Number of protein chains: 2
Amino acid sequence: MSDRTRPTLATVAARAEVAPSTASLVFSGSERVAPATRDRVLAAAAELGYAGPDPVARSLRSRRSGVVGAVIGERLTYAFSDPVAVQLLDGVTEVLSPLGVGLLLLPGDADRHGPTLAQLAHVPLDAVVYATCGPEDDPALEHLRRREVPIVAVDGPGGDDVVLVGVPDRRGTAELTRHLADLGHRRVAVVALPLRLDGTRGPVTAERRARVHFRDVRERALGVEDVLGPVPLWETATNAVEEGARAGRVLLDVSAADRPTAVVAQSDILAAGVLRAAESLGLRVPEDVSVAGFDGVDLPWLPPVRLTTVVQPTTEKGRVVGRAVTELLAGRRPADAVLDVHLSVGTTTGPAPRA
Amino acid sequence: MSDRTRPTLATVAARAEVAPSTASLVFSGSERVAPATRDRVLAAAAELGYAGPDPVARSLRSRRSGVVGAVIGERLTYAFSDPVAVQLLDGVTEVLSPLGVGLLLLPGDADRHGPTLAQLAHVPLDAVVYATCGPEDDPALEHLRRREVPIVAVDGPGGDDVVLVGVPDRRGTAELTRHLADLGHRRVAVVALPLRLDGTRGPVTAERRARVHFRDVRERALGVEDVLGPVPLWETATNAVEEGARAGRVLLDVSAADRPTAVVAQSDILAAGVLRAAESLGLRVPEDVSVAGFDGVDLPWLPPVRLTTVVQPTTEKGRVVGRAVTELLAGRRPADAVLDVHLSVGTTTGPAPRA
DNA sequence: TCACTCTATCGAATCGATTCGATGATCGTT
DNA sequence: AACGATCATCGAATCGATTCGATAGAGTGA
């Protein structure tokens, strides 16, 4: 084989007897090159097995690598067991892939949420997407600012130089809560997503609540209280069915008089867990207890029930993020975007049981 | 602000009154630089807001970008609704992240499975992982070969220059089938993963079977037949619960005399669908019909049943892939790896009903 | 035939770092 | 005091392409 050394643009140019700059023109698809020359260069490339200009060298000049980072708060298994995260990234790639831009996963691990500087520093990045709501004091943010890497954040963290894409979490949850209130519910418990990623679960104290890390978690809690006033929050350690079930068992395994008549989970995944808990405790839904979620994801294993939830356009959110990235790559500064949500009433909420 | 122009190594060196080469030594953490000089350079960098050497320029010299591509056959939403894919990538990142190497998603879309050349050609890649079993005639493969990008493939596609990581699909399925045979099952149906990604579902003809695209699908079918001889295959369009349910409804909604006494699904996800179908048809598992899967993934919503399945060490498989990539990056050529599987008997298989 | 306009091609600078062989300073030894 | 060894620092070449201003040659019109 002739694998002495991989051919470069210069090799190809020499073989085609043109200047490297001309060969470059050919590969960049320029019009200003004679068809005969173009063919000669292409033929030379084919003979040498040249695969096209080296992406790295190209990036150096063009200041563009075709790589956009996706910051994932946790380990992939946790993050991607959440259909919301997956759908979101799906929307992002749908927009970016045709542009030849790829998504680079930047997951955290069990301890840290978010990538280490070692992960960030060595990798070329045209932009970064905070795919799941990130904390506002992420040290990676500072590094990215220095490198002047544009940032798009879903649901947070915020910042002057960060483009935000979100939904009205508070208003959506309030609407859902109003639906419950109209059904007569007054004793409502909230099963919350993690307030911080430190593995804590259980009832949320006022002081912990003051230190909530994630905007969406805070807003969704406030939405409930806008309608009903202060309600108890039960924090989960991760967004997982099993965590929701665990919370549900604690909240529901009490005398009927103390039991909440409705449980608002901050995600559909958690709500699914609460449903399981109710089932295992022999409680009927919605006769004994109503359950609601947030997100509107498709859980093919959930039927026959249809979850009452706040539907957010997750894939579209991803597309909007993708378009925002496109704008940033073009040097423009897109405006923040807030997409709409709507209440979807299913079969898991009904009139509050009489006291 | 002093955002005239982003500082480079040369700027920093000038400010610290040293040569660029010396400044480079400082950032590469070399020992051979006087502490005083180091401090001066670091101070200059801090004053200028220099974030460290540009990854792209560094890559150009070092021939290493810190980016490894992950080829995903389908859209992310489909691929990542499969816990196997997610766990696998989780294992890969677990090994690669600490090395400062990131995973770049290269998904296909509805039509094509696998990334386009446009996606591949513009992006720097040190190596590529075929995360889900890819077809053997993928045009992207040819491009990657030309670029001399090392490839690790999970379960396929094969090739001289491709490092393979897999499990004994055939033997594992055979072991499972023997378990069923020992329980008296003779009429067994197989719910197969897609043989090709063209959306086909239904009974598999001999000619279609001859053109199966994926090694693991073929092997798992053969494993059943090693024990029982020819069995009917029912193909699904995607690896999804709903697809499994659809297949299950067709296969099981017949008179008891014609009904298979056991269904072997080629994935746990499909098996979960078959279980749902059985439930909706009023069939008891395992009294009326036994159901088995493959993978051994954790489906938190599946309890109280425990699926009989062939457990493969998916996360470990990912780690092995990660290590193989590490070897390749170091210029070595690791050997192919075959990890072990084992049968896990749950509550979904039992003695065949008497005829 | 001469000046002039196009247009295809070329040369050289540039992107931002790394790397290695060369250089000069410092120190110890005899 | 002179010489060699050691060590920190420097210069220059290099990685592989892109880009823009320069140039030569073909084509047009008078």
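Residue numbers begin at 1 in each chain, while the letters A, B, ... track the order of the sequences. Note that the structure is a prediction, hence the values are computed from the model and not measured. All values below come from the heavy atoms of this structure, side chains included, with hydrogens, waters and symmetry mates left out.
A donor atom on one side chain and an acceptor atom on the other are not found under 3.5 Å apart for B:Gln87 and A:Thr77. In summary, the side chains of A:Thr8 and A:Thr11 do present a donor paired with an acceptor at a separation below 3.5 Å, with no hydrogens or angles considered.
The rotation axes computed at either terminus of the helix from C:dT1-D:dA30 to C:dT30-D:dA1 lie 50° apart, taking five pairs at each end and rounding to 10 degrees.
Side-chain proximity of A:Val33 to the nucleotides C:dT9, C:dC10, D:dA8 is greatest for C:dT9. With C:dA8, C:dC10, D:dT9 as the candidates, the nucleotide lying closest to the side chain of B:Thr37 is D:dT9.
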Strictly under 4.0 angstrom, non-hydrogen atoms only: write out the protein contact profile of nucleotides 16-22 of chain D, one letter per nucleotide from the 5' end, B, S or -. BBBB---
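In this structure, B:Glu31 places its CD atom 18 Å from P of D:dT6, rounding to the nearest Å.
Salt bridge absent: B:Arg40 and B:Glu17 never bring a charged side-chain N and a carboxylate O closer than 4.0 Å. Residues A:Arg63 and B:Asp54 are paired through a salt bridge, judged by an N-O separation under 4.0 Å between the basic side chain and the carboxylate.
Tested against A:Ile151, the residues A:Asp161, A:Val129, A:Leu141 include a single side-chain contact (heavy atoms from CB on, under 4.5 Å) partner, A:Leu141.
With a 4.5 Å cut-off on side-chain heavy atoms, B:Val162 and B:Val152 do not count as touching.
Atom OG1 of A:Thr22 is separated from atom CZ of A:Arg32 by 12.0 Å, given to the nearest 0.5 angstrom.
Using a distance-only test at 3.5 Å, with no hydrogens or angles considered, no donor-acceptor pair links the side chain of A:Ser97 to the main chain of A:Glu94.
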